[in-house]
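Written out below as structure tokens is the structure these notes cover.
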There are 2 protein chains.
Amino acid sequence: MASPSAADDDPGRGPDTHAGWLRAVAEEVRSFDRSSTAERVAELLRHRVIEGDLPPGHRLSEEQLVDVLHVSRNTLREAFRLLTHEGLLVHRLHRGVFVPELDEDDLVDLYRLRRTIECDVVRRLHGLDPVRLRPLHDDVAAGEDAARRGDWVAAGTANMRFHQHLVALAGSRRIDETAARLLAELRLAFHSVGAPQRLHEPYVGRNRALLDLLVAGETDRAAKELEDYLHDSEAELLAAFRDRSRRTP
Amino acid sequence: MASPSAADDDPGRGPDTHAGWLRAVAEEVRSFDRSSTAERVAELLRHRVIEGDLPPGHRLSEEQLVDVLHVSRNTLREAFRLLTHEGLLVHRLHRGVFVPELDEDDLVDLYRLRRTIECDVVRRLHGLDPVRLRPLHDDVAAGEDAARRGDWVAAGTANMRFHQHLVALAGSRRIDETAARLLAELRLAFHSVGAPQRLHEPYVGRNRALLDLLVAGETDRAAKELEDYLHDSEAELLAAFRDRSRRTP
DNA sequence: CCTTGTCGGATCGTTCAACAACTCTCTATC
DNA sequence: GATAGAGAGTTGTTGAACGATCCGACAAGG
């Protein structure tokens, strides 16, 4: 997993004789290094939100979290900013940060962008080295395994990873980041709806079918199938969402 | 002062009879509200960066900006976070924030995402109300006007607005936001290259042509044209970039 | 009874000052 | 000439403080 963050090295001055060797170490150290307190706090909260431990609408109290996490308010607020820009928290001026409550419009919007990105990525695949499908195979297998066990939360996780890896085939850092934000928000939506089996069961098999098309190099058919897939998934999610809204108005 | 002008009725449930009316007001108040100090500072810096007043690679000193802007370091840092997540600044731990220096890989990456979004938006347009093309007409006209005057910076601005409005036809908040980030970063790239005439002149006419196709409802042909358009633009930008790199190594 | 104005507690927005941690540069040393 | 280390300068983080704003409750008025 190379992270080609631009413009890091200074090939200009200095005695960079054994550069190649050091470069690798420096890279590794840096990625280890890259843990400001705020980012570690953000990582922790991100996990909580994505896993659904914090219910939608819940307010994250600064005072409370400062006590629990043993960081200063300023640092905590920086973590909040990070997550806010990932769409995992919403910030209301003078009121604090909350776990977002997505509405139907948000779901439609999320799927709109999702279709745009995922379908386009698949459509543009050609001359793909089959080795790069390896992570997708693993994810599909993980999903099937989870389904056999009846662990639909794990199936959902595998599904998310499948789609993240699918998008990664484009080899674009910015597409990956956009998709990551998107899928994280979507995960929020799944949690607010519940009913993981209903939402995930149909797509264990469809992921397999999609992957088969990719293996066969049938990118156009794969894109078409993915389009239908995502429409169906959206419809299912909206229906489940409405069911839930009816129960708890 | 509340005189409910007839128009809006919500023939549904509950006591929310003039819901639509209130909704609009709430929206307006909220957007008015949205003025924390950090965001105002961010807006100021954003303008500076986008307009190219700060050269790529320049470090924004906290101490210095605190003095100039008369805000606290914490507030300034929050503004930095905002811009960092828009891609307009990069943050290196313990070293500060810098105006990004995009390299060729970044340009390729930006255009990759750009093609994905813009072409897909156009491809999915159908049954479009011609009224919604109004902003695009204005932008094309502004571009043509700037070109006549030889003001290629203004032409570039008009071009950016054209593409932002183009993407807005999808009617998706998240697509708009993604495109905004994208175009802001691209703008950075244009500045680091210079040569605005070379980069913008050809697309004044092509924007007009593209718009004509949209007016005619020929979305497929428009998408195809846009695809070529963006490929050409990318190639031109890369070539200009290499020319410049050769001059200043 | 419902609306409107007022008050106090709680929380957020922002500032400030201080110290710790880190990077960069320059110098002394081998 | 390369290396190690000291010092200066900058960022990272903390904790406390004060004003601004939100929220719920309660009283005054129609």
Side-chain angles (χ1 to χ4, degrees), chain A residues 7-19 21-22 25-27 29-45 57-84 89-99, chain B residues 1-2 4 14-18 22 26 29-45 57-84 89-99:
Chain A
D8 256 341
D9 37 7
D10 258 337
R13 67 236 148 64
D16 277 65
T17 40
H18 23 300
W21 190 81
L22 291 180
V25 175
E27 183 66 22
V29 167
R30 181 166 310 151
S31 71
F32 202 72
D33 209 10
R34 189 194 341 211
S35 61
S36 79
T37 307
E39 293 189 30
R40 260 174 291 137
V41 170
E43 176 59 34
L44 200 155
L45 294 177
H58 180 259
R59 175 175 141 264
L60 283 74
S61 159
E62 292 189 358
E63 190 179 14
Q64 193 175 327
L65 285 172
V66 162
D67 286 346
V68 173
L69 299 174
H70 301 286
V71 297
S72 84
R73 240 178 101 214
N74 288 317
T75 301
L76 179 63
R77 285 163 65 86
E78 286 210 351
F80 282 168
R81 282 287 188 200
L82 287 168
L83 296 175
T84 295
L89 295 176
V90 294
H91 188 169
R92 293 198 268 250
L93 199 63
H94 292 285
R95 287 201 264 166
V97 298
F98 300 79
V99 179
Chain B
M1 66 194 81
D16 276 62
T17 41
H18 25 297
L22 292 179
V29 166
R30 182 166 309 153
S31 71
F32 201 75
D33 212 8
R34 186 188 319 199
S35 65
S36 81
T37 306
E39 294 190 28
R40 260 174 291 137
V41 170
E43 176 59 34
L44 199 154
L45 294 177
H58 181 258
R59 181 173 75 87
L60 283 74
S61 159
E62 291 189 358
E63 191 178 14
Q64 192 175 327
L65 284 172
V66 161
D67 287 346
V68 174
L69 299 174
H70 300 286
V71 297
S72 82
R73 250 177 93 210
N74 287 318
T75 301
L76 179 62
R77 285 161 66 85
E78 286 212 349
F80 282 168
R81 284 284 187 200
L82 287 168
L83 296 175
T84 295
L89 295 176
V90 294
H91 187 171
R92 295 200 265 248
L93 199 60
H94 292 283
R95 288 202 264 167
V97 299
F98 300 78
V99 180

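Under the rule for a side-chain hydrogen bond (donor to acceptor under 3.5 Å, both in side chains), B:Arg59 has no partner lying at least two apart in sequence or in another chain. Every residue two or more places apart in sequence or in another chain that forms a side-chain hydrogen bond (donor to acceptor under 3.5 Å, both in side chains) with A:Thr75 is listed here: A:Ser72.
The CZ atom of B:Arg59 sits 18 Å away from the P atom of C:dC22 (whole-angstrom rounding). For the pair A:Leu93 CG and C:dT14 P, the interatomic distance rounds to 7 Å; values are reported in whole Å. Here the C1' atom of nucleotide C:dA10 and the CD atom of A:Gln64 are 13 Å apart, to the nearest Å. If you measure from atom CD of B:Glu62 to atom P of C:dC22, you get 16 Å, rounded to the nearest angstrom. Here D:dG9 presents its P atom at 15 Å from CG of B:Asp67, a figure rounded to the nearest Å. The CZ atom of B:Arg92 sits 15 Å away from the C1' atom of D:dT10 (whole-angstrom rounding). Here the C1' atom of nucleotide D:dT21 and the NE2 atom of A:His91 are 12 Å apart, to the nearest Å. Rounded to an integer number of Å, the gap from CD of B:Glu39 to P of C:dC12 is 17 Å.
Of the candidates C:dG13, C:dT11, D:dT11, C:dT11 carries the atom nearest the A:Glu63 side chain, counting heavy atoms from C-beta on.
In this structure the side chain of B:Val41 never reaches within 4.5 angstrom of the side chain of B:Phe80, judged on heavy atoms. Looking only at side-chain heavy atoms (C-beta outward), B:Val90 and B:Val97 stay at 4.5 Å or farther from each other. Put simply, the side chain of A:Arg92 reaches to within 4.5 Å of the side chain of A:Phe98, judged on heavy atoms.
Regarding contacts with the backbone of C:dC24, a side-chain N or O of B:Arg95 is found under 4.0 angstrom from either OP1 or OP2. Taking only side-chain nitrogens and oxygens, B:His94 never comes nearer than 4.0 Å to OP1 or OP2 of D:dT13. Distances shorter than 4.0 Å separate none of the side-chain N or O atoms of A:His70 from OP1 or OP2 on D:dT13.
Of all the heavy atoms in B:Val66 and B:Leu76, the pair that sits closest is CG2-CD2, 3.9 Å. Closest approach of B:Ala38 and B:Ala79 over heavy atoms only: O-CB, 3.5 Å.
Within a heavy-atom distance below 4.0 Å of DNA chain D, the residues of residues 72-80 of chain A found are A:Ser72, A:Arg73, A:Asn74, A:Thr75.
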